[in-house]
Trainee: 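Once you've had a glance at the structure underneath, I'll fire off some questions.
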2 protein chains.
Amino acid sequence: MNEKVTSLQVAERAGVSQSAVSRYFTPGASVSKATAAKVQKAAEELGYRPNVLARAMVSGRSRIIGLIIADLKNQFYPLALELLGRELQERDYQVLVFFAANSTEGIEPVVQKLLDYQVDGIITASVAMSNSLTERCAAAGIPVVMFNRGQDDPRLSSVTTDNVAGGRMAANFLVAGGHERIAHIAGWQGATTGRDRTLGFLDGLRDLGREVFAMEDGMYQREHAAEVARAMFSGAERPDSVFVGNDYMATAVMDVLRFELGLSIPEDVSVLGYDDVPLAAWPTYQLTTIRQPVTRMVTATVDTLLDRIEGNPEPKQIKITGALKIRASARKPKGFTS
Amino acid sequence: MNEKVTSLQVAERAGVSQSAVSRYFTPGASVSKATAAKVQKAAEELGYRPNVLARAMVSGRSRIIGLIIADLKNQFYPLALELLGRELQERDYQVLVFFAANSTEGIEPVVQKLLDYQVDGIITASVAMSNSLTERCAAAGIPVVMFNRGQDDPRLSSVTTDNVAGGRMAANFLVAGGHERIAHIAGWQGATTGRDRTLGFLDGLRDLGREVFAMEDGMYQREHAAEVARAMFSGAERPDSVFVGNDYMATAVMDVLRFELGLSIPEDVSVLGYDDVPLAAWPTYQLTTIRQPVTRMVTATVDTLLDRIEGNPEPKQIKITGALKIRASARKPKGFTS
DNA sequence: ATTGATTTTGCAATCGCATGCAACTTTTCT
DNA sequence: AGAAAAGTTGCATGCGATTGCAAAATCAAT
């Protein structure tokens with residue numbers, strides 16, 4: 001029942017040495033046509049396939065990429081995960097997924113496990129790396145690239161959109177739309193993405209001689225954002241517009257505004273998001289948002305990682321520029337082109 | 001830079017044999033307190049961790065579970081994936097994810113790769129297994145359990161909800177609600193889930209002396225479901241209710257009804273879904289649906305799989321009963337309790 | 001036909017760990 | 001105290017491949 005076919009058995013049946021079999025399955029190795037044919041025949045008959053783990057042991061490369069992910073609830077990440085997985089698959093790497101606790105802590109044991117599995121590289125999505133972990137990965141010679149999160153450490157690669165610029169775009173758009181009381185429900189300020197978007201947004205307002213009317217951390221959580229929205233928009237003088245730290249929260253905010261507070265969007269309040277998740281395009285939300293070009297981000301991530309694995313040791317910090325995607329959730333200034 | 005610490009180095013530093021080190025890290029092996037202490041100290045100082053791949057080679061168990069998934073767009077699956085991942089992680093298994101083409105074909109090479117990686121078991125989510133593949137996995141002694149999809153083959157384990165019963169519930173609910181023209185936008189009829197739900201629904205209607213007013217395959221695709229809905233509800237005599245094969249399509253249908261056809265839900269049309277994805281509870285949709293208890297499904301899946309890996313060779317077909325979750329997208333019959 | 005250059009091939013070592021076996025220690029019991 | 005039982009330990013082997021090296025075979029060129 002449990003039949004394992006090894007290269008040795010193939011070798012015997014083909015009448016060649018075990019090395020020959022190995023070479024046949026190693027691209028670029030030296031095998032004559034004659035032996036190749038013999039090996040192929042024997043391998044086929046026996047249903048032989050090389051054992052990737054054994055190969056990994058001696059070659060030192062497992063062709064496994066560890067992916068750490070914290071939050072699949074935010075619709076941006078399933079999308080990213082799928083694209084990452086497919087892209088790596090195409091390049092003949094596989095993805096070992098680890099789920100981390102949402103906090104910055106708690107990924108310690110996860111990275112440890114990852115190292116135990118001898119992964120060739122690590123991608124972190126929406127997760128921060130501590131210093132000691134970066135240390136350990138660097139020591140083990142395992143490249144790390146952070147997806148959609150930045151870090152100061154120059155040993156780390158990262159791929160993000162230009163979140164500061166994105167924040168600015170949001171500010172410009174809302175001001176141009178003639179809004180007077182501009183609010184901000186921020187992305188989690190413990191994450192670079194959240195901080196940078198906020199930073200850009202505030203800077204943008206300031207440059208236009210404005211100030212934020214109200215501001216609160218939404219923590220990148222749906223429920224938390226909803227509560228913040230409730231409080232923020234219940235007062236007598238409510239904001240006439242709000243820039244929300246990501247689409248996932250923005251939809252929650254819209255729900256609260258519409259269904260709990262009876263407000264119209266964009267007539268009473270303009271809402272801006274960040275990410276452009278699929279949901280944002282649905283007719284219910286029609287969310288105007290800063291698009292993160294996820295496909296390009298994924299390609300950049302994979303390129304960077306494989307580059308480092310296959311030689312080039314320099315980490316890269318890549319910033320892709322996002323773009324405003326205008327829909328119907330925010331008042332559209334005259335003369336603004338999507 | 002690239003420092004690999006092996007058990008041998010630990011052994012030397014601790015002044016014991018390599019076997020002792022190995023035993024220290026093998027739960028249940030025989031080590032005295034004295035050596036254990038020495039090994040622990042040395043291992044800690046060197047930052048040693050056992051190489052999982054090497055262990056896999058000799059023990060024959062990789063503690064890797066292959067997960068094949070086709071569709072992360074349907075919000076049910078990210079959720080399932082996360083739960084599966086976390087549960088397996090807790091039991092000290094890791095998940096190697098593979099993305100399959102959506103079709104039934106095309107998973108051939110994926111399973112092949114999976115076998116190459118010496119996974120201890122396979123979980124398929126929303127994917128069907130061909131006969132020859134089942135054959136191969138059985139031959140390799142690798143248990144397979146299908147998540148949210150059934151199969152006739154008795155060699156395969158599967159975990160689903162009782163989709164036939166679920167379909168019946170939908171029928172009962174709509175009839176009890178006094179609907180006259182009951183329609184059905186079915187789940188993909190190429191999948192057992194889709195077929196069974198439809199089957200149960202039609203049977204349920206028949207038992208109540210009714211017939212389906214209109215019916216079409218939605219293919220489990222948002223866009224396709226939307227088109228079907230457009231056609232189905234544009235005619236002069238439109239349905240007054242529709243049971244949709246899953247929530248993912250149901251939200252698309254609702255969007256079409258509301259935003260393209262200007263219909264009210266549930267006043268003009270009642271909509272029923274299947275799954276109870278998080279989205280279904282959002283105020284915009286308030287979707288009445290047949291809940292698939294995903295946590296229990298996941299637990300059952302993992303239990304079944306690990307059971308088979310760790311000894312018990314019998315495949316199991318598990319059917320978990322779903323339950324109607326009443327919200328506001330369908331007219332509520334009097335006396336129906338949620 | 002002979003030599004030199006180039007390819008192919010097999011041998012054997014290696015990767016890092018687990019484990020059966022035999023030798024040795026310690027504990028338990030009479 | 002001595003014998004039997006139980007617990008530890010190290011040696012040596014094997015898991016299934018890759019790969020450096022040297023021998024053998026093929027090819028090219030005189």
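Being a predicted model, the structure only gives us computed values, none of them experimental. Naming convention: chains lettered A, B, ... in sequence-line order (proteins, then strands); numbering from 1 in each chain.
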Trainee: Among residues 19-30 of chain A, which contact DNA chain D at a heavy-atom distance under 4.0 Å?
Mentor: A:Ser19, A:Ser22, A:Arg23, A:Thr26

Trainee: Base, sugar-phosphate or nothing for A:Val16? Non-hydrogen atoms, less than 4.0 Å.
Mentor: sugar-phosphate

Trainee: Can you tabulate the close N/O pairs, meaning under 3.5 Å, that link protein atoms to atoms of nucleotides 14-16 of chain C?
Mentor:
none

Trainee: Between B:Arg63 and B:Asp120, is there a side-chain N and carboxylate O pair less than 4.0 Å apart?
Mentor: no

Trainee: Check whether any side-chain N or O of A:Ser32 sits under 4.0 Å from OP1 or OP2 of C:dT9, and answer yes or no.
Mentor: yes

Trainee: Choosing from C:dA18, C:dT9, D:dG10, which nucleotide comes nearest the side chain of B:Gln18?
Mentor: C:dA18

Trainee: Using whole Å, what does the distance between atom P of nucleotide D:dC15 and atom CD of A:Gln9 come to?
Mentor: 11 Å

Trainee: Specify whether A:Phe147 and A:Tyr77 have parallel, tilted or perpendicular ring planes, treating 30° as the upper limit for parallel and 60° as the lower limit for perpendicular.
Mentor: perpendicular

Trainee: B:Arg61 has an atom CZ; how far is it from atom C1' of D:dC15, in whole Å?
Mentor: 14 Å

Trainee: Mind running side-chain hydrogen bond (donor to acceptor under 3.5 Å, both in side chains) on A:Ser62 and A:Gln118 for me, showing each step along the way?
Mentor: CA-CA 7 Å; A:Ser62 60; A:Gln118 313 294 114; over 6 Å; no

Trainee: Could you give the CZ-to-C1' distance, from A:Arg63 to D:dA17, as a whole number of Å?
Mentor: 15 Å

Trainee: For the CG atom of A:Leu115 and the CD1 atom of A:Ile122, what is their distance to the nearest 0.5 Å?
Mentor: 5.0 Å

Trainee: Got more than 12 heavy atoms from elsewhere within 6.0 Å of CD, B:Glu90?
Mentor: no

Trainee: May I have the distance from A:Leu8 (atom CG) to D:dG14 (atom P), rounded to whole angstrom?
Mentor: 12 Å

Trainee: When Watson-Crick pairs (N1 to N3 and N6-O4 or O6-N4) and G-U wobble pairs (N1-O2 and O6-N3) count only below 3.5 Å on both distances, what is the dot-bracket string of DNA chain D, with | for other-strand pairs?
Mentor: |||||||||||||||||||||||||||.||

Trainee: Under 3.5 Å, is there a donor-acceptor pair between the side chain of B:Gln317 and the main chain of B:Leu156?
Mentor: yes

Trainee: In chain order, what residues pass the ring-ring contact (aromatic ring centres under 6.0 Å, His included) check against B:Tyr93, with sequence neighbours excluded?
Mentor: none

Trainee: Looking at CD1 of A:Ile69 and CZ of A:Phe99, how far apart are the two atoms once the value is rounded to the nearest 0.5 Å?
Mentor: 6.5 Å

Trainee: Run through B:Val145, B:Ile123, B:Ile318, B:Val144 and flag the one making a side chain to side chain contact (heavy atoms under 4.5 Å, CB included) with B:Ser157.
Mentor: B:Val145

Trainee: In chain order, what residues pass the ring-ring contact (aromatic ring centres under 6.0 Å, His included) check against A:Tyr117, with sequence neighbours excluded?
Mentor: none

Trainee: Show me the pairs that pass side-chain hydrogen bond (donor to acceptor under 3.5 Å, both in side chains) and involve residues 298-308 of chain A, at least two apart or across chains.
Mentor: A:Arg91-A:Asp303

